[in-house]
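To start, the structure under review is shown below, and the notes come after it.
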Amino acid sequence: MEYNFRDIEKKWQQKWVEEKTYKVAEDNSKPKFYVLNMFPYPSGAGLHVGHPLGYIASDIYARYKRLQGFNVLNPMGYDAYGLPAEQYAIQTGQHPEKTTFQNIDRYREQLDKIGFCFDWDREVRTCAPEYYHWTQWAFQKMFNSFFCNKCQSAQPIEKLIAHFDQNGTEGLDVAQTENLTFTAEEWKAMDEQQKSSTLMNYRIAFMGETMVNWCAGLGTVLANDEVVDGVSERGGFPVEQKKMRQWCLRVSAYSQRLLDGLDNIQWSDSIKETQRNWIGRSEGAEVEFNIADSDESFTIFTTRADTMFGVTFMVLAPESELVEKVTTAEQKAAVDEYIKYVKGRTERERMIDHKVTGVFSGSYAINPFTGEKNPIWIAEYVLAGYGTGAIMAVPAHDARDYAFAKHFNLPIIPLIKGADVSEESYDAKEGEVINSPRTDVKPYIDFSLNGCTVKEAIAKTKVYVEENGLGRVKVNYRLRDAIFSRQRYWGEPFPVYYKNGIPTMIPEECLPVELPEVDKFLPTETGEPPLGNATVWAWDEQNKKIVEDTKIDQKGIFPIELYTMPGFAGSSAYYLRYMDPHNKTALVSKEAAEYWQNVDLYVGGSEHATGHLIYSRFWNKFLFDLGISCKEEPFQKLVNQGMIQGRSNFVYRIKDTNTFVSFDKKDAYEVTPLHVDVNIVSGDILDVEAFKAWRPEYNDAEFILNDEGKYMCGWAVEKMSKSMFNVVNPDMIVEKFGADTLRLYEMFLGPVEQSKPWDTNGIDGCHRFLKKLWKFVTEGERTETASKEELKALHTLIKKVSADIESFSYNTSIAAFMVCLNELSKLKATTKETREALAIMLAPFCPHIGEEFWQMLGHDTTVCDAPWPVFNEEFLKEDSVKMMVAFNGKARFPMEFPADVTSEEAEAAALNDPQSAKWMEGFTVAKVIVVPKKMINIVLKK
RNA sequence: GCGCCUGUGGCGGAAUUGGUAGACGCGCUAGACUUAGGAUCUAGUAUCUUCCGAUGUGCAGGUUCGAGUCCUGUUAGGCGCACCA
């Protein structure tokens with residue numbers, strides 16, 4: 001009987017649907033296991049062979065866990081909102097909903113062919129109202145919360161209001177945009193408008209006037225992680241800084257918790273490190289400097305408190321509000337000109353060339369440690385958004401300050417013994433402190449750091465600063481608040497209306513606020529949101545419903561927010577929704593959340609390290625504070641699958657002709673390399689006839705073949721993309737070899753985490769293995785009792801496969817299958833039990849053939865619920881062991897010993913052996929070392 | 001500049017975590033069966049070699065009886081952060 005994968009796969013895929021084999025429900029009698037893939041956004045191009053890589057890996061793990069008796073949740077859905085889906089819709093001139101749904105159908109069709117064990121009853125789509133209901137709901141909860149620094153958690157805003165009523169801002173320690181100060185009386189005296197804007201300073205979801213990344217090409221603002229090298233990640237349009245009123249999420253409040261949480265999750269070091277960098281914690285001190293001849297003062301942030309005595313000038317960021325205050329009349333013209341210059345420079349320019357520029361403000365600051373007057377400069381190398389936007393410059397020990405001091409001829413005072421600062425600054429935080437205070441001037445205060453190490457000096461200065469009221473110890477984070485609104489159509493609407501200009505939440509029971517139809521959904525370059533084109537889009541407060549905006553002037557009818565939410569809104573808590581996807585009254589029920597807890601294994605690309613994986617952790621921590629999520633961290637273990645790159649092929653056209661020359665002969669001509677569809681190339685040999693038929697302009701193409709009469713193509717590894725004609729479609733592989741072969745081959749290609757180019761050539765080996773296995777199971781001789789060799793081969797496999805699946809080493813466990821089959825094929829006959837064990841262990845990798853075998857062996861249940869074979873060490877034991885005996889680590893020879901030999905016996909035997917005696921001549925035994933591999937090394941001395 | 005990761009045959013990649021380097025697959029070579037081979041089966045395949053053996057995991061050292069694995073330095077590639085004070 002032939003291995004007819006087409007019929008087998010069709011049969012089982014139908015059966016799985018009919019019998020709902022993969023439907024899961026909470027079941028307290030079984031331990032749970034939650035496997036999750038990052039859900040895809042359905043692009044118009046469909047799936048290529050790279051997409052299923054992670055899905056296959058997690059599918060194998062999910063099936064394995066189920067065989068081990070776990071109740072496994074393995075859901076799938078679509079991230080259907082956001083820029084990508086909308087860009088595609090705009091390019092094809094169709095409504096985003098229509099194209100999105102088409103793409104989803106296409107994805108589903110392709111996914112179904114590969115045989116995944118997804119529970120499709122739990123599918124979610126971020127663009128479905130019953131889903132984004134809970135995205136809007138979470139936003140409202142964030143709006144109605146503030147973050148308490150003391151208890152490090154989100155609290156209801158009412159608590160804060162009560163505090164203001166009682167004490168104003170006295171004794172407040174909360175996450176905030178600005179450090180406001182007011183009394184209870186002042187608070188009470190505020191009108192509604194003032195109270196609203198004051199509270200915005202504290203809400204976790206708040207509206208703020210902030211510098212945003214404005215991208216005119218996309219017609220929207222972007223989050224920091226969506227901007228790469230000053231251009232938009234999607235589309236590559238230039239991005240400029242612009243001040244706009246935007247919704248923001250106070251992600252920064254959770255900085256410390258986001259950092260601490262990394263210690264308790266099993267993620268790769270590189271992703272954790274990337275997140276640590278992104279959060280950017282730095283410990284330092286804020287120190288206050290008075291401005292000379294003025295009542296004003298300002299605060300700087302430094303991590304090098306030990307260098308207070310080496311300050312020779314101060315620098316303000318050009319955007320700082322202080323600039324105006326410190327600029328003197330004489331310097332005004334120069335400062336204005338400089339500010340103008342800085343404004344004319346784009347973010348990108350500032351990032352690429354670090355020009356040393358700046359201007360003197362005319363004022364001086366008094367150094368509280370030396371009493372000296374340090375000139376205040378304004379320079380673009382100081383950033384407004386970090387710390388306080390002002391620094392003290394210590395050119396001797398900071399490279400940037402050093403470059404600035406050299407350029408503008410400012411003094412440089414070294415503070416570390418032996419540091420040579422004539423050519424460059426000494427930035428290392430080590431050495432003995434000197435010149436603090438300098439011995440040639442009269443000390444200004446009674447405080448000295450001389451003789452300390454840098455570390456001691458930092459600590460000592462911090463204590464002094466706090467005790468003398470000069471400032472405070474401060475931890476700064478690089479992590480910024482996330483900008484949460486987009487001037488786009490295809491996203492979640494905000495459940496917000498503007499009552500007399502005050503942002504007000506639409507009542508919870510009226511959610512979701514559904515996305516209205518519009519005539520024109522294209523964004524505008526000026527930032528007018530497309531939702532403004534909706535005819536039905538105003539809130540009737542009395543009747544609690546959405547009405548036509550023509551009524552906006554009437555009493556009680558208010559405009560609804562026109563912005564929409566960004567892509568990460570819908571993807572931040574979808575893993576919770578999968579637990580209870582059809583719940584109409586809650587994001588997730590308490591029972592479901594408590595049963596499934598959090599994701600045990602999350603599989604997805606590492607490109608989301610600073611986006612989705614930060615936002616999701618933030619979002620989950622917030623819901624954890626509310627008691628919705630049961631675990632502080634959403635994803636316990638994370639595996640980052642590598643990218644599958646494309647392997648492009650090239651043909652070489654001789655200039656100005658329609659003649660193509662084979663790769664190995666092209667150097668004799670002047671040629672243009674052209675991408676050629678990899679589907680008409682096999683083993684780098686071009687199918688010449690298919691090439692002629694590929695495009696009309698090649699119909700009469702001529703070829704210069706190589707000596708073997710073949711046309712060889714060149715090749716290169718590039719991103720898999722339509723434009724390079726290197727896309728390999730999984731459907732075609734499934735059609736030719738079957739889904740089981742595709743699954744096996746994708747895993748056999750190498751470690752899941754590694755990026756690698758796709759190469760269909762090796763697939764034959766995997767297909768051959770399945771054919772051989774098929775033959776073995778269907779035609780091999782049978783016996784009742786298993787031989788020693790059979791048990792050994794089988795149990796070697798059980799041990800290897802169990803360990804390898806646990807550690808995601810799928811490629812090596814497939815190799816073990818091949819070895820095992822080879823061993824078994826050498827035997828005359830094998831037992832039914834061995835075949836059953838093979839079927840069960842193969843099922844996670846190749847579920848269709850696994851089911852087929854299981855049925856052939858007389859079972860009428862699904863192989864998914866079979867018990868995983870039990871490993872028995874006994875069968876691996878040998879009668880005798882071969883050991884190596886080594887002298888001086890050089891000469892070695894093998895000796896046979898009984899299997900249960902002890903190291904003493906082995907040593908004695910080795911010493912008595914005539915051959916070894918020859919080796920040992922002139923030596924005495926120094927020591928015997930027993931090593932894990934049962935090799936004994938005898939160390940000899942002359 | 002700072003941080004993280006990776007360098008093993010013609011290729012993808014193994015190596016029980018310090019113990020016979022190159023599992024398994026591709027490719028290649030030879031043979032068998034075939035009208036045919038892009039089917040199947042068998043054998044071989046790190047390098048050098050005077051066929052005894054010697055060398056061999058980017059490079060140079062070190063620790064060890066023993067190093068692909070640990071340490072130091074170096075080089076190449078990839079990733080992240082970056083005038084972050």
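Numbers restart at 1 for each chain; the letters A, B, ... are given by sequence-line order, proteins then strands. These values consider heavy atoms only, across backbone and side chains, with no hydrogens, waters or symmetry-generated copies.
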Base-pairing assignment for B:C24 (Watson-Crick or G-U wobble, both under 3.5 Å): B:G12

Determine which nucleotide pairs with B:G31, using a 3.5 Å limit on both distances of a Watson-Crick or G-U wobble pair. B:C41

Using atom P in both nucleotides, what's the gap between B:G1 and B:C11 to the nearest angstrom? 32 Å

So what's B:G66 paired with, Watson-Crick or G-U wobble, going by both distances under 3.5 Å? none

Atom-to-atom span, CG of A:Asn822 to P of B:A23 - whole angstrom: 13 Å

Whole-Å distance separating the CZ atom of A:Arg647 from the C1' atom of B:G27: 12 Å

Could you tell me if the ring centre of A:Tyr711 sits under 6.0 Å from that of A:Phe691? no

In Watson-Crick or G-U wobble terms, with both distances under 3.5 Å, the base opposite B:G1 is B:C81

With nearest nucleotides of RNA chain B determined for A:Tyr477 and A:Tyr745 from heavy-atom distances, which residue corresponds to the more 5′ nucleotide? A:Tyr745

Integer angstrom distance from the P of B:A21 to that of B:U55: 12 Å

Please report whether the ring centroid of A:Phe313 lies less than 6.0 Å from that of A:Phe404. yes

With a 4.0 Å cutoff (strictly under), does any side-chain N or O of A:Gln754 reach OP1 or OP2 of B:U6? no

Letter by letter from the 5' end, nucleotides 69-82 of chain B scores (B base, S sugar-phosphate only, - none; protein heavy atoms under 4.0 Å) -----------BSS

How close or far is atom P of B:C84 from atom OH of A:Tyr381, stated in whole angstroms? 10 Å

Can you tell me, in whole Å, how much space there is between the P of B:A15 and that of B:U8? 15 Å

Is the number of heavy atoms from other residues, nucleotides or ligands within 6.0 Å of CD (A:Glu2) greater than 12? no

Aromatic ring pairing A:His795/A:Phe871, orientation class (parallel under 30°, perpendicular over 60°, tilted between): tilted

Any-strand Watson-Crick or G-U partner of B:A60, both distances under 3.5 Å: B:U72

State the syn/anti category of B:U17 according to its glycosidic angle, syn meaning within 90° of 0. syn

Name the pairing partner of B:A36, where a pair is Watson-Crick or G-U wobble with both distances under 3.5 Å, or state none. none

Closest to the A:Arg400 side chain: B:C24, B:A85, B:A14? B:A85

Between B:G37 and B:C28, how many Å separate the two P atoms, rounded to a whole number? 15 Å

Rounded interatomic separation in angstrom, taking NZ from A:Lys429 and C1' from B:A85: 10 Å

Does B:G31 count as syn, meaning its glycosidic angle lies within 90° of 0, or as anti? anti

I'd like the C1' distance from B:G61 over to B:C79, given in whole Å. 29 Å

For A:Pro757, which contact category applies under a 4.0 Å heavy-atom criterion: base, sugar-phosphate, or nothing? nothing

Report the residue (A:Lys800 or A:Met392) whose heavy-atom-nearest nucleotide on RNA chain B is the more 5′ of the two. A:Lys800

Does atom NZ of A:Lys272 have more than 12 heavy-atom neighbours, drawn from other residues, nucleotides or ligands, at distances under 6.0 Å? yes

Should we count CD of A:Glu424 as having more than 12 external heavy atoms under 6.0 Å? no

To the nearest 0.5 Å, tell me how far A:Met314 CE sits from A:Phe289 CZ. 4.0 Å

Derivation and outcome, salt bridge (Lys or Arg N to Asp or Glu O under 4.0 Å), residues A:Arg276 and A:Asp263: CA-CA 11 Å; A:Arg276 287 196 188 102; A:Asp263 296 335; 3.5 Å; yes

Nearest-Å distance for atom pair CG/P, residues A:Asp427 and B:C83: 16 Å

Could you give the distance from CG (A:Asn811) to CG (A:Leu749), rounded to the nearest 0.5 Å? 9.0 Å

Extract from the structure each pairing of a protein N or O with an N or O of nucleotides 37-46 of chain B at less than 3.5 Å, listing the distance.
from  : atom 1 : to       : atom 2 : distance (Å)
B:U40 : OP2    : A:Arg768 : NH1    : 3.3

Salt bridge between A:Lys800 and A:Asp804, side-chain N to carboxylate O under 4.0 Å? yes

Expressed as a whole number of angstroms, how long is the span from A:Lys756:NZ to B:C5:P? 20 Å

Winner on side-chain proximity to A:Phe748, out of B:C5, B:C24, B:A85, is B:C24

From CE of A:Met308 over to P of B:A85, roughly how many Å is that when rounded to an integer? 17 Å

Please state the C1' separation for the pair B:A60 and B:C41 - nearest whole angstrom. 49 Å

Nearest-Å distance once atom P is located in both B:C26 and B:A43: 14 Å

Under-4.0 Å side-chain N/O to phosphate OP1/OP2 contact, A:Tyr386 with B:A85: yes

Are more than 12 heavy atoms, taken from residues, nucleotides or ligands other than A:Lys756, located less than 6.0 Å from that residue's NZ atom? yes

Below 4.0 angstrom from OP1 or OP2 of B:A14, is there any side-chain N or O of A:Asn811? yes

Would you indicate what A:Val382 reaches in the nucleic acid, counting non-hydrogen atoms under 4.0 angstrom: base, sugar-phosphate, or nothing? base

Between P of B:G25 and CG of A:Asp759, the distance in whole Å: 17 Å

Rounded distance (nearest 0.5 Å) linking atom CD of A:Gln256 with atom CG of A:Leu479: 11.5 Å

Taking the C1' atom of each, how far is B:U47 from B:U57, in whole Å? 13 Å

